[in-house]
Amino acid sequence: MTLHARPRSPFEFAVLLPYRLGYHPRRSVVVVAMHGRTAGVVQRHDVSDDRDHCEVAAARALEVLERDGADAILLFGFEDAPWQTSRLLEAISDAATAAGLSVGVRLVVRDGHGHLTDDDGRTSTQRLPRPADVPAVAPFVRAGVHPLPTREDHVEQVLPERDEERAACVAAASGGGRSFAVGADDHRLAHVWSSVLDPARDAVPVTEMPDDELRLVVDSLLDVHLRDALISVLCPGSLSLAAMPGPVVDLARRAAARCPWVGDDATPHPADVPDHEHEDVVAVRGRLAQVAALVPQALTPSLVTLTGLLSWWEGDGTLAGMCFERALEIDPDHRLSWLLLQLLSHGLRPWEVALSDGLPGSAA
């Protein structure tokens with residue numbers, strides 16, 4: 001959602017942040033990078049009483065801030081009990097100051113109140129305003145958009161509960177268990193994938209797709225050529241197509257033909273995608289997640305990782321990280337999800353770094 005108003009105070013900014021994140025950041029410190037009066041990257045860090053943990057988190061936060069080119073930061077602690085965020089707030093504040101970054105705001109949210117500390121260490125407290133009374137938040141409220149209670153709720157809303165009965169049927173589907181190779185039936189494969197990657201409201205529901213087609217989708221992602229080509233096409237700029245086999249690139253483009261942000265024109269930056277096409281990205285992301293819920297879990301790491309990367313490209317780093325973590329829970333040796341999780345944690349977006357030599361496990 002495009003915002004047309006800025007928070008007028010640190011207290012209003014604290015009300016806005018859960019709407020920006022999509023969930024209430026409990027027991028967390030949120031760092032907002034500032035470029036003059038414009039907000040940049042938003043980071044969330046789990047609180048801890050361990051000094052070493054806090055120093056590592058502060059160093060990582062600073063690395064992201066420096067890469068983002070921030071000239072100042074805003075610090076917000078969200079806590080359930082007094083002083084819960086103090087050690088991490090102090091560590092990040094000290095690291096930022098040492099690096100020459102101004103700490104413009106240091107505010108702790110607890111029990112519906114904001115506790116704002118000034119440069120002299122004095123704290124003033126006031127009740128946070130109602131979301132409907134904050135101009136920067138009011139559009140969300142009018143649209144019926146509300147942050148979820150927790151970070152876990154955020155990902156569970158996007159990654160549906162698994163249907164193990166259906167997954168057993170997909171596992172037994174015709175062709176299941178055979179090694180997959182692109183080229184065997186590319187026309188059918190492109191058709192099946194285009195059904196999955198269809199953001200239209202009247203698209204065939206994923207739950208109504210035949211078992212053998214769902215099995216074909218997940219089996220096809222075991223081919224790293226096709227996996228990489230789909231990543232490149234669906235998330236423009238994330239991986240170069242130059243070193244990939246031409247027939248596989250053509251197949252990926254046919255598979256994504258119904259995705260309006262995909263084309264042969266100059267590679268768009270995610271920020272340049274129109275709002276209505278962002279809605280299509282979210283719709284396709286949801287359909288990929290639905291497929292993952294209907295197929296054998298052991299076959300889902302690449303599919304869940306693709307869902308996460310598309311989420312990241314669209315702007316949802318929180319969901320991306322949880323998808324990469326989910327993929328690694330299923331397969332601890334899944335190199336692609338491990339690499340992407342490392343990039344995410346260091347604030348490196350794949351479409352902003354050179355990955356022309358291929359991803360781990362790729363044939364590029």
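Hydrophobic clustering (side-chain heavy atoms under 4.5 Å, transitive across Ile, Leu, Val, Met, Phe, Trp, Tyr) groups Tyr19 together with Val105. Side-chain heavy atoms closer than 4.5 Å link hydrophobic residues (I, L, V, M, F, W, Y) into clusters, and following such links, possibly through other members, connects Val281 to Leu234. The hydrophobic clustering, which links ILVMFWY residues whose side-chain heavy atoms are closer than 4.5 Å, places Leu107 and Ile92 apart.
Nearest heavy-atom pair, Ile330 versus Ala298, reported as atom, atom and distance to 0.1 Å: CG2-CA, 4.2 Å.
Annotation: Arg326, atom CZ; neighbour count of heavy atoms from other residues, nucleotides and ligands within 6.0 Å does not exceed 12. Within a 6.0 Å sphere centred on CG of Asp119, other residues, nucleotides and ligands contribute 12 heavy atoms or fewer.
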- request: Given side-chain contact (heavy atoms from CB on, under 4.5 Å), test His225 with Met244 step by step and report yes or no.
  value: CA-CA 7 Å; His225 292 289; Met244 298 182 189; over 6 Å; no
message: For Thr117 and Arg106: C-alpha separation, side-chain torsions, deciding distance, then whether side-chain hydrogen bond (donor to acceptor under 3.5 Å, both in side chains) applies.
response: CA-CA 6 Å; Thr117 302; Arg106 179 167 169 168; 5.2 Å; no
task: Starting from the C-alpha separation in whole Å, work towards a yes-or-no answer on salt bridge (Lys or Arg N to Asp or Glu O under 4.0 Å) for Arg26 and Asp80.
output: CA-CA 7 Å; Arg26 298 179 58 195; Asp80 298 331; 3.3 Å; yes
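Under the 4.5 Å side-chain criterion, counting only non-hydrogen atoms from C-beta, Leu306 is not in contact with Arg227. Put simply, the side chain of Leu340 reaches to within 4.5 Å of the side chain of Leu343, judged on heavy atoms. Side-chain contact between Val206 and Leu214 is present, with at least one heavy-atom pair separated by less than 4.5 Å. Counting heavy atoms from C-beta on, the side chains of Phe11 and Pro129 come closer than 4.5 Å. The side-chain heavy atoms of Leu16 and Val134, taken from C-beta on, include no pair separated by under 4.5 Å. By the 4.5 Å heavy-atom criterion applied to side chains, Ser194 and Arg254 are not counted as neighbours. Side chains of Pro18 and Pro25 form a contact here, defined as non-hydrogen atoms less than 4.5 Å apart. A heavy-atom distance below 4.5 Å is not found between the side chains of Ser48 and Arg87.
Judged as a side chain to side chain donor-acceptor pair (under 3.5 Å), the pairs with a partner in residues 60-77 (not counting sequence neighbours) are, in order, His35-Asp68, Glu63-Arg67.
His113 and Thr125 are not linked by any side-chain donor-acceptor pair at a separation below 3.5 angstrom, with hydrogens and angles left out of the test. Under 3.5 Å, the side chains of His334 and Ser302 contain a donor-acceptor pair of N or O atoms. A donor-acceptor contact closer than 3.5 angstrom links the side chains of Gln43 and His45. In the model, Trp313 has no side-chain atom that pairs as donor or acceptor with a side-chain atom of Ser238 under 3.5 Å.
Between the Ser195 side chain and the His191 main chain, a donor and an acceptor come within less than 3.5 Å of each other. The main-chain N or O of Ala171 is found under 3.5 Å from a side-chain atom of Arg215 such that the two form a donor-acceptor pair. At distances below 3.5 Å, at least one donor-acceptor pair connects side-chain atoms of Glu79 with backbone N or O atoms of Thr85. Side chain of Ser93 to backbone of Leu89: no donor-acceptor contact under 3.5 angstrom is found. Asp198 places a side-chain N or O within donor-acceptor distance of the main-chain N or O of Ala200, the cut-off being under 3.5 Å.
Arg51 has no carboxylate O lying under 4.0 Å from a charged side-chain N of Asp49, or vice versa, which leaves the two without a salt bridge. The pair Asp133-Arg130 meets the salt-bridge criterion, with a side-chain N (NZ, NE, NH1 or NH2) lying under 4.0 Å from an Asp/Glu carboxylate O.
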